[in-house]
Amino acid sequence: MGPPGAGKGTQAKAVADHFGVPAISTGDIFRAMKTADTPLARQVRDIMNSGGYVSDEITNQIVAERLAEADCEDGFLLDGYPRTPSQVDTLDAALAERGTPLDVVLSLLADEDAVVARLLKRAEIEGRADDNEETIRVRQHVYADQTAPLLEVYSSRGLLVEVDGLGEIDEVSARVFAALDETFQGGAGSAELIGDPS
Ligand code: ADP
């Protein structure tokens with residue numbers, strides 16, 4: 001978890017590669033979906049371009065379908081999901097049914113000015129439709145309103161691990177792996193997850 005621009009996608013890929021599990025990014029799934037010429041694709045495109053959240057109904061359905069794929073059998077990493085209380089409830093139910101509880105919830109910390117600056121830079125390089133200044137501010141506020149409160153939920157379950165997301169990508173990765181090692185060695189996860197961050 002973390003605000004837009006905190007570097008979730010980049011760190012998610014590094015962690016998922018290390019543990020040999022798929023990184024499931026709802027943002028990536030929606031970006032792939034929105035290019036189609038269907039009513040659903042148009043709806044997703046309009047919502048994303050405004051900076052708001054795709055409906056819980058659509059989002060929960062898409063994640064449920066993705067988690068049912070064979071590559072998720074031995075574990076998975078979720079990037080950008082859950083983002084609302086309803087998504088937390090749906091995920092809880094899905095994980096209970098599978099008998100696979102979450103090992104850890106990783107939160108990347110970054111202050112708003114720093115992430116807005118990063119996103120404006122990404123706008124120049126990648127040209128993502130939702131990386132313009134107005135939408136970036138909307139996304140920060142939507143995150144603060146709707147998603148930041150979920151950190152408290154996972155913190156109260158003892159699952160939350162916070163990592164400073166500012167600095168070079170490699171520095172942040174090193175912090176992420178150090179935090180994960182500490183967590184799993186502390187008994188929160190399974191022993192087979194302990195490994196060198198390489
Ligand atoms: P960012 O972290 O910069 O917001 P993402 O790639 O994670 O980027 O998400 C891009 C957009 O996709 C979001 O602004 C939102 O419109 C949509 N989206 C992604 N994940 C979710 C989700 N779990 N629930 C609802 N909408 C989502």
Side-chain angles (χ1 to χ4, degrees), residues 1-16 22-36 38-68 72 76-95 102 105-151 153-154 162-163 165-166 169 172 176:
M1 299 183 73
K8 291 187 299 289
T10 305
Q11 300 303 332
K13 284 190 186 72
V15 172
I24 298 169
S25 157
T26 43
D28 284 351
I29 293 172
F30 289 141
R31 268 185 291 284
M33 267 178 71
K34 72 176 187 173
T35 56
T38 65
L40 178 60
R42 279 191 288 278
Q43 196 185 333
V44 167
R45 184 163 58 234
D46 289 347
I47 296 168
M48 288 180 83
N49 290 351
S50 75
Y53 284 167
V54 177
S55 75
D56 286 330
E57 198 188 345
I58 295 173
T59 306
N60 284 325
Q61 177 72 30
I62 284 200
V63 173
E65 284 173 17
R66 181 66 188 84
L67 292 181
C72 293
F76 48 84
L77 182 152
L78 294 166
D79 163 15
Y81 181 94
R83 265 169 145 110
T84 66
S86 149
Q87 294 178 17
V88 171
D89 292 344
T90 302
L91 179 62
D92 283 344
L95 296 176
L102 291 177
V105 175
L106 195 67
S107 166
L108 281 181
L109 305 171
D111 71 51
E112 180 165 340
D113 287 344
V115 293
V116 169
R118 277 186 186 177
L119 291 172
L120 287 171
K121 201 167 142 198
R122 185 170 77 185
E124 284 172 27
I125 301 166
E126 293 180 21
R128 239 176 75 168
D130 60 349
D131 277 349
N132 63 77
E133 184 147 16
E134 197 192 324
T135 310
I136 288 169
R137 291 284 175 194
V138 172
R139 281 154 61 209
Q140 297 298 328
H141 292 138
V142 171
Y143 177 83
D145 274 0
Q146 300 197 39
T147 305
L150 305 185
L151 296 172
V153 172
Y154 287 118
E162 294 183 307
V163 172
L166 293 181
I169 288 173
V172 178
V176 165

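Atoms within a ligand are numbered from 1 in the order they appear, just like the ligands themselves.
- For ligand 1, the protein residues placed under 4.0 Å by at least one non-hydrogen atom are P4, K8, T26, G27, F30, R31, M48, G52, Y53, V54, T59, G80, Y81, R83, Q87, R122, R128, D130, R139.
- More than 12 heavy atoms of other shown residues, nucleotides or ligands fall within 6.0 angstrom of atom CD in E126.
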Show which side-chain atoms of residues 108-121 pair as donor or acceptor with protein atoms under 3.5 Å away, not counting sequence neighbours.
| unit_1 | atom_1 | unit_2 | atom_2 | d |
| --- | --- | --- | --- | --- |
| D111 | OD1 | D113 | N | 3.3 |
| D111 | OD1 | A114 | N | 3.0 |
| E112 | OE2 | R137 | NH1 | 2.9 |
| R118 | NH1 | G5 | O | 2.9 |
| R118 | NH1 | A6 | O | 3.1 |
| R118 | NH2 | G165 | O | 2.7 |

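- Counting all heavy atoms, side chain and backbone alike, T147 lies closest to P82 at CG2-O, 4.4 Å.
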Under 3.5 Å, which donor-acceptor pairs do the side chains of residues 44-51 form with other protein atoms, sequence neighbours left out?
| unit_1 | atom_1 | unit_2 | atom_2 | d |
| --- | --- | --- | --- | --- |
| R45 | NH1 | K34 | O | 2.5 |
| S50 | OG | I47 | O | 2.7 |
| S50 | OG | G52 | N | 3.2 |

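- A salt bridge links D131 and R122; the closest N-O separation between the charged side-chain nitrogens and carboxylate oxygens is under 4.0 Å.
- With sequence neighbours excluded, the residues satisfying side-chain hydrogen bond (donor to acceptor under 3.5 Å, both in side chains) with Q61 are E65.
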